[in-house]
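A quick write-up on the structure given underneath.
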Amino acid sequence: MAPRMPTQEPAAPARKPAGMAPSPRRAAKKALYWLASYPKSGNTWTRIFLANYLFDRRTPMPINQVHRIGMGDAIPKAYAPFAGRPFNPADQMQALEIRPRFLSSLASGNADLMFVKTHNARTRAHGHELVPPALSRGAAYIIRHPLDVACSYARHYGTTPDEACTALSRDDHVILGGDDAVTQYLGDWSDHVRSWTKPRDLPVLVLRYEDLLNDPTAGFTRLLEHIGVPVVEERLARAVRFSSFDEVRAQEDKAGFIEKSPSAERFFHAGGSGKWREKISPESAAAFAAKHRAVMEQHGYTV
């Protein structure tokens, strides 16, 4: 039997008048299924596919509704109801202290499985577990050639590809919190990949972005099977078509995309793979590969 999944974002905890007894809470369970990746590796594409498949759309799911599948673990409005006081997304320690309550609430709902989008490494930040095993049911980790990641990262955050290569090699690399997100703890690219792919205490499906490009039907079939959702061929073909690059780019042209960075002209820029050869200097590519060669080669990436 397929797991029961939510059909909309979970509601924030209700605020009760003073003096009223709190409602009984369901016990948190292993309900969280993480959709994890380093930024700009294909996480959004994966969520758009899942939204179209799980909602069994007959027309493409609007990309600005993709948050209905895979609530992000960095969204300030998801943290604020659990703060008990004014919430400042830029305050790293406040967000980390609230995070267990937020995640426990997600895992305490009626759904057997709740998708959570994350760019965090599977690690601890200031002593806080970012991906609690007690609440986690499984994960899909989307990996992409890191030099293509660097190019897309640079475009998204308004820097240069060579500077992005440096950022992806910092073991203390974070995306600082602000109005639109709490702080995200990435670390360097190799450590991020290892954090999600090496542990054996959580079932993790590794999906290469390049393999999804070459055969999205096969890749997304593996994803559905890992989640435990029945695969229906007609429905799968439709969801693949509705999540294609041409479709989502056309939607962004028409209505914009709420996940676009203010530093970027658009979110869905070019797609594809191997573009790094045109954007990153040979010296930067060689230096990056010298640091990350072991993990790159493990996953089939070369320079």
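When atom types are taken as modelled, the side chain of T197 and the backbone of V193 share a donor-acceptor pair closer than 3.5 angstrom. For S37 (side chain) and I142 (main-chain N/O), no donor-acceptor pair under 3.5 Å exists by modelled atom type. At least one donor-acceptor pair closer than 3.5 Å links the side chain of R57 to the backbone N or O of T59. A distance-only check finds a donor-acceptor pair linking the side chain of S136 to the backbone of P132 [under 3.5 Å]. Distance alone, capped at 3.5 Å, is enough to place a donor-acceptor pair between the H145 side chain and the T302 backbone. At distances below 3.5 Å, at least one donor-acceptor pair connects side-chain atoms of Q94 with backbone N or O atoms of P86. Checking side-chain atoms of R68 against main-chain N and O of A51 turns up no donor-acceptor pair under 3.5 Å. Between the side chain of R124 and the backbone N or O of G127 there is at least one donor-acceptor pair closer than 3.5 Å.
Proximity of the aromatic rings of H192 and Y141 is defined here by a centroid distance below 6.0 angstrom, and this criterion is met. Taking the six-membered ring for Trp and the full ring otherwise, the centers of F220 and W45 sit less than 6.0 Å from each other. Between H173 and Y157, the ring centre distance reaches or exceeds 6.0 Å.
In this model, no donor atom of one side chain and acceptor atom of the other lie less than 3.5 Å apart for N52 and S243. Defined by atom type and a distance below 3.5 Å, a donor-acceptor pair is present between the side-chain atoms of E163 and T160. In this model, a donor atom of one side chain and an acceptor atom of the other lie less than 3.5 Å apart for T44 and R47. W189 and S169 are not linked by any side-chain donor-acceptor pair at a separation below 3.5 angstrom, with hydrogens and angles left out of the test.
Between D73 and H119 there is no side-chain heavy-atom pair separated by less than 4.5 Å. Side-chain contact check for V182 versus L96: every heavy-atom pair is 4.5 Å or farther apart. Taking the side chain as every heavy atom from C-beta outward, E210 and R144 approach each other to under 4.5 Å.
The local environment of CG in D179 is sparse, with at most 12 non-hydrogen atoms from other residues, nucleotides or ligands closer than 6.0 Å.
Scored by the ring-ring contact (aromatic ring centres under 6.0 Å, His included) test, Y33 finds F115, H226 as partners (sequence neighbours excluded). Residues forming a ring-ring contact (aromatic ring centres under 6.0 Å, His included) with F242 (at least two apart in sequence, or on another chain): none.
The two residues Y38 and V149 come nearest to each other via the heavy atoms CD2-CG1, 4.1 Å.
Judged by the 6.0 Å distance and 45° axis criteria, R99 is not positioned over the aromatic ring of Y79.
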